[in-house]
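Just so we're on the same page: letters track the sequence lines, and every chain starts at 1. No hydrogens, no waters, no symmetry mates; every other heavy atom, side chains included, goes into these values.
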2 protein chains.
Amino acid sequence: METKIAIAALAALAQETRLAVFRYLVEAGPQGVTVGRIGEALDVAPATLSFHLKELSRAGLITSRQESRFIWYSANYESMNALIAYLTDNCCQGQACGVAGAAQAKPKSTRRKTAAARKKRPSR
Amino acid sequence: METKIAIAALAALAQETRLAVFRYLVEAGPQGVTVGRIGEALDVAPATLSFHLKELSRAGLITSRQESRFIWYSANYESMNALIAYLTDNCCQGQACGVAGAAQAKPKSTRRKTAAARKKRPSR
DNA sequence: TCCATAATTCGATATTTATGGAAATGTAAG
DNA sequence: CTTACATTTCCATAAATATCGAATTATGGA
């Protein structure tokens, strides 16, 4: 997953209502839920909900399908997997972050380096 | 991890400069890096960098220690682990998100339910 | 004490984001 | 074709964020 995309996903989830919506959709399963029901369940005004759904869609975290007058939204599990993978890969420096007593030492970094860095003072 | 805290962490990482700073700190290891060096490496103005460092600190993603005139910032691996755990636990409904071909079906949910939901129309 | 340097805070500004009423759009049913 | 309803778009407004020069606050060395 590319950084730009990860940022979009993080931003989409970093908002109370949207995170609640996403969790609700995850809970609801692959079939999804209609906008009306989401609004009822989470008590969000239609226009506001629409705004947040668009935001989540834009980030690729949810998808929708129309069925007669209703629109069913569902969580896109793949993109959430990709986000978690991004965080695990890029923000834990190979320390198998999810695993218990991580942190410390930094083995040898089998992973890509940003290079760029490392310049002058302080020598550490 | 509580939702409020997760949101703070997500918001802190959902910004290009901050994500870059955090990744840089992760790469740098537990010892950390001085503010000056971060600014040089990522080319960010002091005041701007200070703002973002405060933001990351507030979210608990980094910590700092003063050493003479320098302040060393380092990634807080535990909180990143906690965030990943939160996402895995709450946004994948027991589908062991991180693992390959996840998504689909939704086994039986050994996990806590928000209850709240499920009301009227449409019956699904 | 005085100077240089590291980092933060202050303050002004520009941009983005969130909220929700009202109007518009789409779809189905009478 | 008219009405009912689901959802989105439009629009105005309020609030939060990001940026960065300038001033301020440490801290150490001459």
Side-chain angles (χ1 to χ4, degrees), chain A residues 3-4 7-22 24-25 28 31-59 61-74 119-124, chain B residues 3-4 7-22 24-25 28 31-59 61-74 119-124:
Chain A
T3 294
K4 280 277 171 60
I7 289 178
L10 289 166
L13 295 173
Q15 206 282 341
E16 196 171 337
T17 303
R18 282 196 299 267
L19 182 55
V21 168
F22 185 75
Y24 184 63
L25 292 182
Q31 179 161 43
V33 184
T34 63
V35 177
R37 190 196 282 251
I38 300 172
E40 262 171 29
L42 307 180
D43 193 38
V44 184
T48 304
L49 181 54
S50 220
F51 167 78
H52 289 306
L53 288 171
K54 196 203 283 186
E55 216 55 20
L56 285 166
S57 294
R58 207 161 54 79
L61 287 165
I62 64 177
T63 49
S64 63
R65 92 196 121 87
Q66 177 140 16
E67 199 159 291
S68 99
R69 277 187 301 178
F70 303 89
I71 296 181
W72 298 70
Y73 278 90
S74 53
K119 282 186 177 175
K120 41 177 181 172
R121 306 243 311 273
S123 66
R124 239 211 192 167
Chain B
T3 294
K4 279 276 171 58
I7 289 178
L10 289 166
L13 295 173
Q15 205 281 340
E16 195 170 338
T17 302
R18 281 197 299 267
L19 183 55
V21 167
F22 185 75
Y24 184 63
L25 292 182
Q31 179 161 41
V33 184
T34 63
V35 177
R37 189 197 280 255
I38 300 172
E40 263 172 26
L42 306 181
D43 194 38
V44 184
T48 305
L49 181 54
S50 222
F51 168 78
H52 288 307
L53 287 171
K54 197 204 281 187
E55 216 54 20
L56 285 166
S57 295
R58 208 159 54 79
L61 287 165
I62 64 177
T63 50
S64 63
R65 91 196 122 87
Q66 176 139 16
E67 198 159 291
S68 99
R69 277 187 300 178
F70 302 90
I71 296 181
W72 297 70
Y73 277 90
S74 53
K119 281 186 176 174
K120 43 175 179 172
R121 305 247 310 275
S123 66
R124 240 212 189 163

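In this structure, the CZ atom of A:Arg65 is 16 Å from the P atom of C:dT27, given to the nearest Å. Computed from coordinates, the A:Leu13 CG to C:dT17 P distance equals 15 Å when rounded to whole Å. Look at CZ on B:Arg69: it is 10 Å from C1' on D:dA26, rounded to the nearest Å. For the pair B:Arg58 CZ and C:dT9 C1', the interatomic distance rounds to 16 Å; values are reported in whole Å. Rounded to an integer number of Å, the gap from NE2 of A:His52 to C1' of D:dT9 is 16 Å. Counting to the nearest Å, the C1' atom of C:dA7 and the CG atom of B:Leu49 are 9 Å from each other. Atom C1' of nucleotide C:dA28 and atom CD of A:Glu67 are separated by 14 Å, given to the nearest angstrom. As a whole-Å value, the separation of B:Glu55 CD from C:dT9 C1' is 15 Å.
Between A:Arg18 and the phosphate of C:dA18, there is a side-chain N or O to OP1/OP2 separation shorter than 4.0 Å. At the phosphate of C:dT8, OP1 or OP2 sits under 4.0 Å from a side-chain N or O atom of B:Tyr73. Between B:Lys54 and C:dT9 there is a side-chain N or O to OP1 or OP2 distance below 4.0 Å. Residue A:Thr48 places no side-chain N or O under 4.0 Å from the OP1 or OP2 atom of C:dA18.
Here the straight-line distance linking atom CD1 of B:Ile71 with atom CZ of B:Arg65 works out to 11.0 Å at 0.5 Å rounding. Annotation: the span from B:Thr3 atom OG1 to A:Leu19 atom CG amounts to 6.0 Å, rounded to 0.5 Å. Between A:Leu42 atom CG and A:Glu16 atom CD the span is 10.5 Å, to the nearest 0.5 Å.
Across all strands shown, D:dA30 forms a Watson-Crick or G-U wobble pair with C:dT1, both key distances being under 3.5 Å.
Residue order along DNA chain D, read from the 5' end via each residue's closest nucleotide, puts A:Ala47 first among B:Phe51 and A:Ala47. When each of A:Ala11 and A:Gln66 is assigned the nucleotide of DNA chain C bearing its nearest heavy atom, the one mapping closer to the 5' terminus is A:Ala11.
B:Ser50 comes within contact range of at least one nucleobase, with a heavy-atom separation under 4.0 Å.
Salt-bridge formation is not detected for the pair B:Glu40/B:Arg37: no Lys NZ or Arg NE/NH1/NH2 atom is positioned less than 4.0 Å from an Asp or Glu carboxylate oxygen.
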Scan the side chains in residues 43-51 of chain A for donor-acceptor partners under 3.5 Å anywhere in the protein, sequence neighbours excluded, and list what turns up.
none

